[in-house]
Each structure stands twice: as C-alpha cells, then as structure tokens.
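Reminder, nothing fancy here: chain letters follow the sequence lines and each chain counts from 1.
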Number of protein chains: 2
Amino acid sequence: MLLSKSCIYALRASVLIASKKNDGFITIRELSDELNISFHFLTKVLQELTKAELLESYKGPNGGVKLARPANKITFMDVVESIDGDYMINECVLGLPGCGVMKPCALHDQWSVLKTDIINMMNEYNLEAIAKNRELQRSFERKSAQFANL
Amino acid sequence: MLLSKSCIYALRASVLIASKKNDGFITIRELSDELNISFHFLTKVLQELTKAELLESYKGPNGGVKLARPANKITFMDVVESIDGDYMINECVLGLPGCGVMKPCALHDQWSVLKTDIINMMNEYNLEAIAKNRELQRSFERKSAQFANL
DNA sequence: GTATATTAAGATAAAATAGTCTTAATACCA
DNA sequence: TGGTATTAAGACTATTTTATCTTAATATAC
C-alpha cells in the first residue's frame, strides 16, 4: 500500500471538510458517520492533523474541526507528510539506508523518475481541487444512478 | 511504504541471484549472509517465489535456489505480484472498494496516470536489467571508494 | 454552577506484519 | 545405511498498525 490507512482516513476526512463550504466547525462524529470510519480512530488521526496545524479544533457545543487555512493552501502532500512522514520523499524504494545519488540502489534511477512525478502531483494537488473533483465525480455518478466514492 | 519488507527482500535476493552468472543452485544461506537478511525469514520469502514458479529449489548438498527462467524473462512486476499481490494494479489509492472508471474516487484520475507509469516500469524492467544496473552502480561506487547498495 | 457537547489523551485489544526457532522432508555422499 | 546439507513447514514471539473503550479537559448554555 502506498498510503497507510490512517493517512487515507486523514485524506478522505480533510477533503470532506473542504467540500463543505461551511466556515464553522464540523464535528468529527458527522465526518465519521458520513465516511463510515470509526469515530474514535478518526479522532486520533485528525488530532495529528491538528498538531500539524492543518486543522483547527474547538471543544464543546458547536465545536469540532475546520481547516486551518484555505483549502487551496493545503496540499495532498501536506496531509500525507503529517500522517505518514516523508518516506515518499526520502526513503529508498528498497528500504536501503543511505541510498541516493552518491550511493544508488539498483532501482534508484528508475524509481526517482516516478517518485518525482508522484511528489509533484502531491505538491500541486490541493484540498480545494480534490474536493472540486470529488463533486464532479459525484454528479457524474448521480447521472448513472450510482453513488460516487469518497 | 510502497513495497512490503518481504517484497523488498524478495527483490534484493532475486536480483542478487540474477547477478551471479553461475547456473547452479545458490544456497539461501549465502544470499542471506550477503544481503544481511535473516536466513529463516528469507527462506520463507523465497519459498513464495518458488511456489510462484519464479525460482526453482533443490534440497540437500549442492542444493539451493536458482531462477526458474532466464533473468530477462522475470520482471520486477513478477516478483512484486508474487509477494504483495496485485494491489498496485487493482487497488484504489484511497482503498475504496469499487473505485474505477465508472465510480472513481476523488484521486482516481490523477493517480491512474502515475500508477500506469509505475506498472509499465515494473513490467518492462527485469532481473537481468536490474542486475546489470546494479553492477554499474557498484563499479561507479568502487571508484568513489564506497560500497554500493543492494 | 451544573449539565451537556465536544475534542484530547491514554489504556487496552485485535489484527497484520516481521522475525525467530524447531522439526520435518529430501537429497547427497561416504 | 547413516550422517550431513539443504529447503519446507509449522509453532512461536515481537513489533507495528489498526481499532475500541474509558477518562480527562474544555467550552457552551441554561
């Protein structure tokens, strides 16, 4: 798996938050219900996003979480790095310590090319764009009388 | 992590086997020593490659494992699929069941492009080519008085 | 202030992955 | 035939990841 489950949950939740135009706080319960993810587990994952300052949280009635900055200022990469760390950027595909230009593994060059594309996509694609795309996909789906994924 | 540790071990070992021009069987002990991988764990991993008919094994003195077909007929993908399954090919990057052209997730299209490149690389790159590349990297390294990775 | 709603944090459990150890099966060789 | 080398297989342990449950902290509203 490219992304851990925690990371996938974080992505799905933050895209869902971005897709709610609402400026106020959204409860994690609402998110977990809508995404079919365990409330407690999602809470933990979103806590990490809050620590990473991608989300703001607020306790008590009318509390919840919301994006800490505009959706187009939070990239796919921001979320991935907050949860899974920088493995995509720094780690060797064969897990070899010290792999790099000066000491490349047998897959280093071939993988570097692909990795760069992935990193670029993650850096360029942001929550606003993903949320917009999600809407598009869902409206397309509605026409074919199915439910779209997220 | 893109590849599981088992898969990484399988790749490193099969590339090492391919890089030994030797036509006979190579003991797993020799491989595990050279790669610094636990002998017993590597044994299990290579058993899976044997079951998948990428390797042939032979017991007893002068036994060991060897490639079941020429190194250029075993692809990166063959090894990955034998150990990690076809997640790279079939699974959604967000882990959503049923994600596909008819019911795409918010990342489906962007990811599809990258995934295709990865799959192509894995299908085109084979053990002979990887082993050759490994030699190249190592000779380059020897000049800079370091040890190359694998 | 007290009850309620909500996130934060910690303790525990379950499942998946990684790693070790022991025994079995098979093959060679003397 | 018996001893040794080797992979195969299974039992067991350890670690990491995922998931659940409980309690604490904080904010609101009445």
Give me, pair by pair, the N or O atoms of the protein and of nucleotides 4-6 of chain C that are less than 3.5 Å apart, along with how far apart they are.
none

Please list, pair by pair, any protein nitrogen or oxygen found under 3.5 Å from a nitrogen or oxygen in nucleotides 9-12 of chain C.
unit_1: dA11(C); atom_1: N6; unit_2: Lys44(A); atom_2: NZ; d: 2.9

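Phosphate contact (OP1/OP2 of dT18(D), side-chain N/O of Ser6(A), threshold under 4.0 Å): present. Under 4.0 angstrom from either OP1 or OP2 of dT7(D) there lies no side-chain N or O belonging to Ser57(B). A sub-4.0 Å separation between OP1 or OP2 of dT18(D) and a side-chain N or O of Tyr9(A) is absent.
Of the residues in residues 77-86 of chain B, not one places a heavy atom less than 4.0 Å from an atom of DNA chain C.
Rounding to the nearest 0.5 angstrom, the gap separating the CE atom in Met1(A) from the SG atom in Cys7(A) is 10.0 Å. The NZ atom of Lys115(B) sits 12.0 Å away from the CG atom of Asn120(B) when rounded to the nearest 0.5 Å. Lys103(A) NZ to Leu96(A) CG: the interatomic distance, rounded to the nearest 0.5 Å, is 8.5 Å.
Remark: P of dA15(C) and CE of Met1(A) are 16 Å apart, rounded to the nearest angstrom. When the P atom of dA9(D) is taken as reference, atom CD of Glu48(B) falls 11 Å away, rounded to whole Å. Leu42(B) has its CG atom 11 Å from the P atom of dA8(D), to the nearest Å. Look at CZ on Phe41(B): it is 16 Å from P on dA14(D), rounded to the nearest Å. When rounded to the nearest whole Å, the span between CZ of Arg29(B) and P of dC21(C) equals 11 Å. We find that CD of Glu56(B) is positioned 18 Å from P of dT26(C), with the value rounded to whole Å. Atom pair Lys66(A):NZ and dT7(C):P shows a separation of 14 Å (rounding to whole Å applied). Phe39(B) places its CZ atom 14 Å from the C1' atom of dT23(C), with the value rounded to the nearest Å.
Heavy-atom minimum distance, Gln137(A) versus Pro104(B): OE1-CG, 3.1 Å.
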Compile the donor-acceptor pairs under 3.5 Å between side chains in residues 37-57 of chain B and protein atoms, sequence neighbours left out, one pair per line.
unit_1: Ser38(B); atom_1: OG; unit_2: Phe41(B); atom_2: N; d: 3.1
unit_1: Thr43(B); atom_1: OG1; unit_2: Phe39(B); atom_2: O; d: 2.8
unit_1: Thr50(B); atom_1: OG1; unit_2: Leu46(B); atom_2: O; d: 3.0

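With sequence neighbours excluded, the residues satisfying salt bridge (Lys or Arg N to Asp or Glu O under 4.0 Å) with Arg69(A) are Asp78(A).
Under 4.0 Å is where a charged nitrogen must lie from a carboxylate oxygen, and between Glu30(B) and Lys20(B) at least one such pair does.
Side chains of Asp84(B) and Ser4(B): a donor on one and an acceptor on the other come within 3.5 Å.
Proximity of Asn22(A) to Lys66(A): side-chain heavy atoms (C-beta onward) are nowhere separated by under 4.5 Å.
The number of heavy atoms from other shown groups lying within 6.0 Å of CG (Asp23(A)) does not exceed 12.
For the ring pair (Phe, Tyr, Trp, His ring centres under 6.0 Å) condition, the pairs that include at least one residue of residues 55-76 of chain A, sequence neighbours left out, are Phe25(A)-Tyr58(A).
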